[in-house]
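Structure, as structure tokens:
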Amino acid sequence: MSSGGLLEIDPLELKFPFEVKKQISCSLQLTNKSDDYVAFKVKTTSPKKYCVRPNAGIVLPRSTCDLIVTMQSQREGPPDMQCKDKFLVQSVIIDQTATTKDITTEMFAKESGNVVDEVKLRVTYVSPPQPPSPVPEGSEEGSSPRPSVSENGNLSSSELLAATRAYAENIQQEKSSENLVIISRLAEEKTTAIQQNNKLRQELELVRREVSKQQGGFSFMFVVIIALLGIFMGYMFKK
């Protein structure tokens with residue numbers, strides 16, 4: 001900020017976030033802390049490149065005037081982002097009855113004996129602000145997305161519900177697999193028991209026929225064998 005002269009000027013360096021093929025603007029403020037009426041005029045070394053609104057006017061006593069400096073879109077950037085453009089703010093005390101229409105170029109001519117205050121402004125190009133990255137910080141490309149975490153470190157309600165459902169589905173699948181294994185084992189045992197029962201019946205029938213041929217009737221030993229077989233078959237059915 002320039003505190004000397006007729007007007008305080010802020011800033012003394014115009015910074016443009018330069019981008020190719022884009023019109024860019026920055027603000028300039030003129031402050032009159034005196035009790036005089038001050039007329040101003042803004043000039044630049046590249047009038048076709050910049051537009052100042054307003055480029056001339058009157059700053060009333062104890063007041064400010066805001067200006068907008070616009071750089072027209074450029075096809076290409078300067079080498080190393082260096083800019084040699086300059087601005088010049090001229091100011092002069094005028095009569096309080098003067099209006100903006102009364103401001104002329106001759107008012108700022110020192111050759112006419114006018115007391116003209118001049119302040120030069122530099123122009124600087126800066127890199128435009130970078131947009132935030134779409135990839136969350138700390139994540140890597142190709143990695144699986146992490147569930148969102150609230151400020152207190154807990155999972156959000158939607159993530160917690162999804163995790164609970166996934167856990168329940170896993171448990172259900174594990175139980176279903178265990179049940180299938182048990183059912184399959186029981187079926188195999190049942191099939192084996194039926195086969196053994198059929199085999200015992202066939203052997204019992206053969207024994208009965210053999211005994212009938214040899215003795216023509218049932219002996220005490222045959223009765224005992226039949227009883228033992230009956231007990232064994234009952235045990236197998238209970239199992």
Side-chain angles (χ1 to χ4, degrees), residues 1-34 36-94 98-143 145:
M1 176 185 295
S2 172
S3 58
L6 300 178
L7 297 176
E8 290 187 359
I9 302 174
D10 185 36
L12 294 177
E13 183 177 32
L14 300 177
K15 296 182 179 181
F16 292 91
F18 186 87
E19 292 186 56
V20 177
K21 298 181 180 181
K22 185 175 181 180
Q23 182 173 287
I24 308 166
S25 299
C26 66
S27 60
L28 182 65
Q29 187 178 74
L30 309 180
T31 302
N32 179 10
K33 292 187 176 182
S34 69
D36 299 315
Y37 286 73
V38 179
F40 70 88
K41 186 176 181 63
V42 181
K43 297 181 179 180
T44 178
T45 56
S46 302
K48 294 183 179 181
K49 187 176 180 181
Y50 300 94
C51 176
V52 183
R53 290 291 183 270
N55 65 338
I58 298 174
V59 186
L60 301 179
R62 308 295 176 180
S63 62
T64 61
C65 180
D66 294 321
L67 285 64
I68 298 298
V69 182
T70 303
M71 181 179 67
Q72 306 302 321
S73 60
Q74 304 297 308
R75 295 182 179 180
E76 58 183 10
D80 301 327
M81 294 293 286
Q82 299 297 320
C83 182
K84 298 181 179 180
D85 299 332
K86 297 288 190 300
F87 280 84
L88 179 66
V89 179
Q90 296 177 308
S91 56
V92 62
I93 297 176
I94 60 174
T99 64
T100 304
K101 295 180 179 181
D102 298 325
I103 299 177
T104 61
T105 304
E106 289 74 17
M107 295 175 59
F108 302 94
K110 295 182 179 180
E111 295 80 4
S112 302
N114 298 324
V115 179
V116 182
D117 183 62
E118 295 181 339
V119 178
K120 294 182 180 180
L121 308 179
R122 296 178 53 193
V123 177
T124 302
Y125 294 155
V126 296
S127 299
Q130 298 296 325
S133 174
V135 180
E137 184 178 354
S139 64
E140 297 180 357
E141 184 178 358
S143 61

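On a predicted model such as this, the values are computed, not experimentally measured, just so you know. As a basis for the values below, the full set of heavy atoms in this structure was taken, side chains included, without hydrogen atoms, waters or symmetry mates.
Residues Val38 and Ser34 approach most closely at CG2-OG, 4.4 Å, considering heavy atoms. The two residues Ile94 and Ala39 come nearest to each other via the heavy atoms CG2-CB, 3.7 Å. Nearest approach of Asp36 to Pro61, heavy atoms of both residues: O-CG, 3.5 Å. Taking all atoms of both residues into account, the shortest heavy-atom contact from Ser46 to Asp85 is OG-OD1, 3.0 Å. Shown here for Pro17 and Pro128, the closest heavy-atom pair between the two residues is CB-CA, 4.1 Å.
Checked by atom type and distance alone, the side chain of Glu76 never pairs as donor or acceptor with a backbone atom of Gln74 at under 3.5 Å. Asn32 places a side-chain N or O within 3.5 Å of a backbone atom of Val59 that can act as its donor or acceptor partner. Formation of a donor-acceptor pair under 3.5 Å by the Asp10 side chain with backbone atoms of Gln29 is not found in this model.
The environment of NZ in Lys15 is sparse: at most 12 heavy-atom neighbours from other residues, nucleotides or ligands sit within 6.0 Å.
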Residues Met107, Lys41; criterion side chain to side chain contact (heavy atoms under 4.5 Å, CB included); working and verdict: CA-CA 10 Å; Met107 295 175 59; Lys41 186 176 181 63; over 6 Å; no
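Partner of Leu30 under the side-chain contact (heavy atoms from CB on, under 4.5 Å) criterion, chosen from Val89, Val119, Leu6: Val89.
Proximity of Phe108 to Ile103: side-chain heavy atoms (C-beta onward) are separated by under 4.5 Å at one or more points.
Side-chain contact annotation: Ser112 with Glu106, donor-acceptor N/O pair under 3.5 Å absent.
The ring pair (Phe, Tyr, Trp, His ring centres under 6.0 Å) pairs that include a residue from residues 41-66 are Phe16-Tyr50, Tyr50-Phe87, where partners are two or more places apart or lie in different chains.
To the nearest 0.5 Å, atoms CD (Gln90) and CD (Glu118) are separated by 4.5 Å.
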Run the side-chain donor-acceptor check on residues 18-27: report pairs under 3.5 Å with partners two or more places apart or on a different chain.
{"residue": "Glu19", "atom": "OE2", "partner": "Lys22", "partner atom": "NZ", "Å": "3.4"}
{"residue": "Ser25", "atom": "OG", "partner": "Thr70", "partner atom": "OG1", "Å": "2.9"}

